[in-house]
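Proteins come first, then strands; the chains are lettered A, B, ... in the order of their sequence lines, and each starts at number 1.
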Amino acid sequence: MKKYQATLLENRLLGPEIYSLWVKITDLGEVKPGQFFEFATDTRFLRRAFSLSDRDGDRLRFVVKVVGSGTRWLAGLSAGSKLDLLGPLGEGTRMPSSGPVMLLAGGVGAAPLLYLARKLNEQRVEVDALLAAGTKEELILAEEFGSLCREVILATDDGSCGHKGYLTDILPTLPGTKDIQSFYACGPEAMFVALKRLNFRKPVYAFLESRMGCGTGLCMGCAVRGRDGRYRRVCTDGPVFDLEEIEL
Amino acid sequence: MKKYQATLLENRLLGPEIYSLWVKITDLGEVKPGQFFEFATDTRFLRRAFSLSDRDGDRLRFVVKVVGSGTRWLAGLSAGSKLDLLGPLGEGTRMPSSGPVMLLAGGVGAAPLLYLARKLNEQRVEVDALLAAGTKEELILAEEFGSLCREVILATDDGSCGHKGYLTDILPTLPGTKDIQSFYACGPEAMFVALKRLNFRKPVYAFLESRMGCGTGLCMGCAVRGRDGRYRRVCTDGPVFDLEEIEL
Amino acid sequence: MNLEVFLGKSRFRNPLVLASGTFGYGLTYTDVIDRVGAFVTKGITVQERVGNPPPRIWDTKETVVNSVGLENVGLKRFKEEILPEIDISTPLYVNLAGVTIDDFRILIEGLRDEEKVEGFELNLSCPNVKEGGAALGQSADRVRKVASLARSLTTKSIWVKLTSNFCDVRETAAAAADAGADAVVIVNTLNALIIDLANRKPFLGGGSGGLSGPAIKPHVLYMVHQVSKQVDIPVIASGGAGCGTDVVEYLLAGASLVQIGSINLVDPQASLRILKGLEGWLKREGIVCVSELIGRLEGI
Amino acid sequence: MNLEVFLGKSRFRNPLVLASGTFGYGLTYTDVIDRVGAFVTKGITVQERVGNPPPRIWDTKETVVNSVGLENVGLKRFKEEILPEIDISTPLYVNLAGVTIDDFRILIEGLRDEEKVEGFELNLSCPNVKEGGAALGQSADRVRKVASLARSLTTKSIWVKLTSNFCDVRETAAAAADAGADAVVIVNTLNALIIDLANRKPFLGGGSGGLSGPAIKPHVLYMVHQVSKQVDIPVIASGGAGCGTDVVEYLLAGASLVQIGSINLVDPQASLRILKGLEGWLKREGIVCVSELIGRLEGI
Ligand SMILES: Cc1cc2nc3c(=O)[nH]c(=O)nc-3n(C[C@H](O)[C@H](O)[C@H](O)COP(=O)(O)OP(=O)(O)OC[C@H]3O[C@@H](n4cnc5c(N)ncnc54)[C@H](O)[C@@H]3O)c2cc1C
Ligand SMILES: Cc1cc2nc3c(=O)[nH]c(=O)nc-3n(C[C@H](O)[C@H](O)[C@H](O)COP(=O)(O)OP(=O)(O)OC[C@H]3O[C@@H](n4cnc5c(N)ncnc54)[C@H](O)[C@@H]3O)c2cc1C
Ligand SMILES: Cc1cc2nc3c(=O)[nH]c(=O)nc-3n(C[C@H](O)[C@H](O)[C@H](O)COP(=O)(O)O)c2cc1C
Ligand SMILES: Cc1cc2nc3c(=O)[nH]c(=O)nc-3n(C[C@H](O)[C@H](O)[C@H](O)COP(=O)(O)O)c2cc1C
Ligand code: FES
Ligand code: FES
């Protein structure tokens, strides 16, 4: 973990209220999939967390969905702006020993999974992706996943693109899921709840979010309840958890 | 008084930490010299007050000296930015019935006097200006005064331009001040104190500043003590006062 | 949509109240005053007060600290010069700032027969010099005494504006209720000190000041909720309200009226914007009577 | 330049203290801990506590509201699992969070023989269920009892961390001083309520929370100044400090040490930046000993 002065290289609208930011950081070491950075904003005291979505040397990509004043501020920045970042934070996710694996993305949840897809690709682990979103416009990064995955399946709630229905409705109907060794999922809480109910025999790794204080393990602000009744810290114990381990 | 959405047309460095802002406001009525506008900023709860420095139809000029976070924020804005303004505020200054008058500017105090010079010019009242500042670089708006005044005398504390010395040292040495009917002064408090000591037989109108709350007469935040021991409100009783009337 | 709120026999056209010290004496911006539920004057003292030396104001992004020092014309001039000039259709509350209990007697006797005055807001936050610098409002006993005296002197509405500094405002509120006050106002500004480092002395001319503005809202919201559970008389909230939903939050937490203070300094028409925001929210939520919201916070 | 501060017999390499709950147990970022004057652990309770349900944090530009609910491993695991792992060169203070007076006895008896523990910070802000939800720290009597008990049980340093909610912190501070505490900490977070309007219920999982951050600094500065005039023992400030000059302001107002809290959440290395700022200021002002500043505010 270090503090970085980053430069915003590009800020582009990706979908409704969804922005793609490329920033430049020098002297950054290895980042694991699932790790995140904490961005200082002008509107809030605490930093805001964003997962690394892609990387090309010292160019890092983040995908930001506007949900409040911090994200609104980030969305409004133009190229050349300076950013104050802390990271990489979190344990990140364990990499699978063997494939194929499947990525399950709900909406902007696609963001951290893209970087995972790239890493899996580098390690020659076969990877499929099921990208779901409310509407066609909200389906993001499909092309990028396309270049990294064996197969990319699209789904929208309203059927405007790909299968029609929720991700967890489509998933059981897919033929190729039998040989999948593990699943990596990121999306809204409701998606995790439904995934849990599907009761896979294979591990499902959930990329969680939570309102964070520090992001560095100091404040116990980012609690998610474990099956044992104790809370885990999303920031340093996660943000990726075995879906079995946590209570939703 | 009205609330305006103004557009910043130009923001230009005028001197060390001094900026010239041209903004566009539509539907603005008459503004009297000495009147000011209250600018909302992103860094402070309360607005910041700036005197009108010049006007060309719906284009208004303000001169801003950076002294804290609000002025720093204003200085950093680029053309096209939107500004939230309240104004015009204050009584402004009484116009003289006859000239010649002399304007006494200390540093950024030149700002409101320029607009007064323009108005005097329109009313064909003869006007001289004595512009003083710390250094040559801090002497601002001399050219603009030149085009409106009978005579412009320059002075700097370090002698890097014009007379060397404080404004109040130069003033008594000037030959042409005998026929001046009234003086209009704007500058730091120390300048007013020294002016008072010079004890002119002619009225001196002082353009005052003070830390303001509302700028609209509601809060009694902007007090300046009168000779009678009671406080005046700089915002609605001023911001221009007869130097005789106030205690410094 | 019905924005009316009743406090006992008193009717307010909506729950917004212009807070003392942030809207002058009611002689300007009367178009705004005429649209809110009530207007409270700057604090009036027995004798005219010139107030504190400048600077009197300091701010950050979310706070204001003021040290006006109760500059006001005093009872006599208020009656003779100001009151006759006030021309508003909105209930007029006079904020009375007494240092001693007797001050309150003088102030109320001086104004109780004025038809224009709908009620009094007793400002119990002025330091009482006799009792060693503590404000009357810091002891439940003294609050009871002042409120009882006020009650015995007039049938006009009596609001008791309390302080949360160095005391238990739940106790002082209960004392005010006991004594027959019509409402308690929660709460006056928090004591605050700003330091001028270059000179190692207080920055504000008055030494210390009072903290207000959006940053204190969560704290005042908590106090309003606690006090409203504690006392049977209406609670009036004062602290950081700046938009329509802030008003809703205060109503849910138990307030019957919500004072609009510091935000008036940013825009004298802020109340109109807040009112619009409130109406918009009610409409979206399908709420017909604003008074239905009072105290309806769930799960706590 | 001498940044040392002495509180009685205890020496601190500089006046910065990492505040309870904002720097974990002292197992991480030890390079930062080793540069400040003292480190205070997260609050430890007798029994392990899982803490409040999320969300636990809310913020604005200048405030944080937290409702962690004292999640901690409890006395036994702290002693057996955490304490042996702590490896710092900085005085270690354990924040003790008791609900009853007896809790404090158990906590102190459990830890008083630990060499690694330099002292205790008694957190008197937990609501006492027996006495009807009031925290021990809200009554001077109860503060005196807890502090006296603590004093009788150990010769280690005892800091009493007080609350300003619904009480007179000058009185409770005086009681702590009377009872033999080594210092009082002014002050824990201000009670705060955040409302989730869509659901008309509290936003934070724990119901209410505690307000901290830069916005409360002027208020806490005032209290620190008042308390330091009132009591003879050292005062430790806690509230919104975020830069070197904030530390100087607190020292001038009468604090001997200054806790660094919420800002650690923004950057775990904030203390190092603050320290640098403090050193820079001292250098510019030509001040050789930081302790010279304590209580040197003029004109008030
Ligand atoms: C590890 C991690 C990784 C993340 N990665 C990404 C990513 O890659 N891309 C991305 O877009 N996001 C990501 N997030 C989420 C992102 O951090 C948040 O969206 C962001 O912090 C929101 O900040 P804000 O200031 O814009 O919104 P805030 O104003 O803080 O609001 C956030 C949400 O809380 C709700 N809320 C706030 N206050 C209240 C209240 N009083 N009552 C009810 N609800 C309230 C708001 O409605 C809103 O939905 C990640 C989060 C974590 C923890
Ligand atoms: C009627 C009127 C007209 C004006 N016209 C102009 C104009 O045309 N051009 C112009 O440049 N300015 C003008 N001003 C002044 C301008 O309003 C101020 O410079 C501005 O408000 C400063 O805002 P800020 O946020 O940048 O500074 P702030 O941060 O508010 O600081 C302002 C000053 O106060 C001091 N200060 C703040 N806090 C403390 C503290 N704790 N201890 C000690 N000192 C402190 C600062 O050092 C600084 O010098 C005018 C003022 C008035 C009242
Ligand atoms: C400039 C100013 C002057 C004030 N004067 C008074 C006053 O005379 N009497 C009083 O009872 N309260 C006074 N107050 C307190 C306000 O009425 C209000 O209770 C307080 O500011 C908290 O609300 P807010 O956060 O909405 O401003 C004053 C507040 C400010 C900002
Ligand atoms: C996330 C968080 C957790 C806290 N936990 C504790 C705690 O366990 N015990 C305690 O005495 N104070 C606790 N506090 C209070 C701080 O130690 C500090 O006194 C307070 O936040 C005010 O200082 P600040 O404004 O610098 O944060 C906590 C504060 C925060 C923000
Ligand atoms: S956000 Fe602070 S511990 Fe996770
Ligand atoms: S600034 Fe409020 S009365 Fe002048």
Check: residues 213-231 of chain D side-chain donor-acceptor pairs under 3.5 Å, at least two apart:
{"residue": "D/Lys217", "atom": "NZ", "partner": "D/Asp246", "partner atom": "OD1", "Å": "2.8"}
{"residue": "D/Lys217", "atom": "NZ", "partner": "D/Glu249", "partner atom": "OE1", "Å": "3.0"}
{"residue": "D/His219", "atom": "ND1", "partner": "C/Asn191", "partner atom": "O", "Å": "2.7"}
{"residue": "D/Ser228", "atom": "OG", "partner": "D/Val224", "partner atom": "O", "Å": "3.3"}
{"residue": "D/Ser228", "atom": "OG", "partner": "D/His225", "partner atom": "O", "Å": "3.1"}
{"residue": "D/Ser228", "atom": "OG", "partner": "D/Ala253", "partner atom": "O", "Å": "3.2"}

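- For D/Thr22, the side chain to side chain contact (heavy atoms under 4.5 Å, CB included) test picks out D/Ala19, D/Asn264, D/Leu265, with sequence neighbours left out.
- Most heavy-atom pairs under 4.5 Å with chain C, from the set D/Ser164, D/Gly207, D/Cys167: that is D/Cys167.
- With a 4.5 Å cut-off on non-hydrogen atoms, D/Asn165 touches chain C through its side chain but not through its backbone.
- Looking at C/Thr63 and D/Glu62, their side chains never bring a donor and an acceptor atom within 3.5 Å of each other.
- Only the side chain of D/Leu211 comes within less than 4.5 Å of a heavy atom of chain C; its backbone N, CA, C and O stay farther away.
- Only the backbone of D/Arg296 comes within contact range of chain C, with at least one heavy atom under 4.5 Å from a heavy atom of that chain.
- Enclosure of atom CG in C/Asp232 is not indicated, since only 12 or fewer non-hydrogen atoms of other residues, nucleotides or ligands lie within 6.0 angstrom.
- Nearest heavy atom pair, residue D/Lys61 against residue C/Lys61, reads CG-CG, 4.4 Å.
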Please lay out, stage by stage, how C/Leu193 and D/Ile300 fare under the test side chain to side chain contact (heavy atoms under 4.5 Å, CB included).
-> CA-CA 10 Å; C/Leu193 174 63; D/Ile300 187 172; 4.0 Å; yes
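- Contacts between D/Ile195 and chain C at a heavy-atom distance below 4.5 Å involve backbone atoms as well as side-chain atoms.
- For C/Glu285, the part sitting under 4.5 Å from any heavy atom of chain D is the side chain, from C-beta outward, and nothing else.
- In this structure, the portion of C/Leu252 lying under 4.5 Å from any heavy atom of chain D is its side chain and not its backbone.
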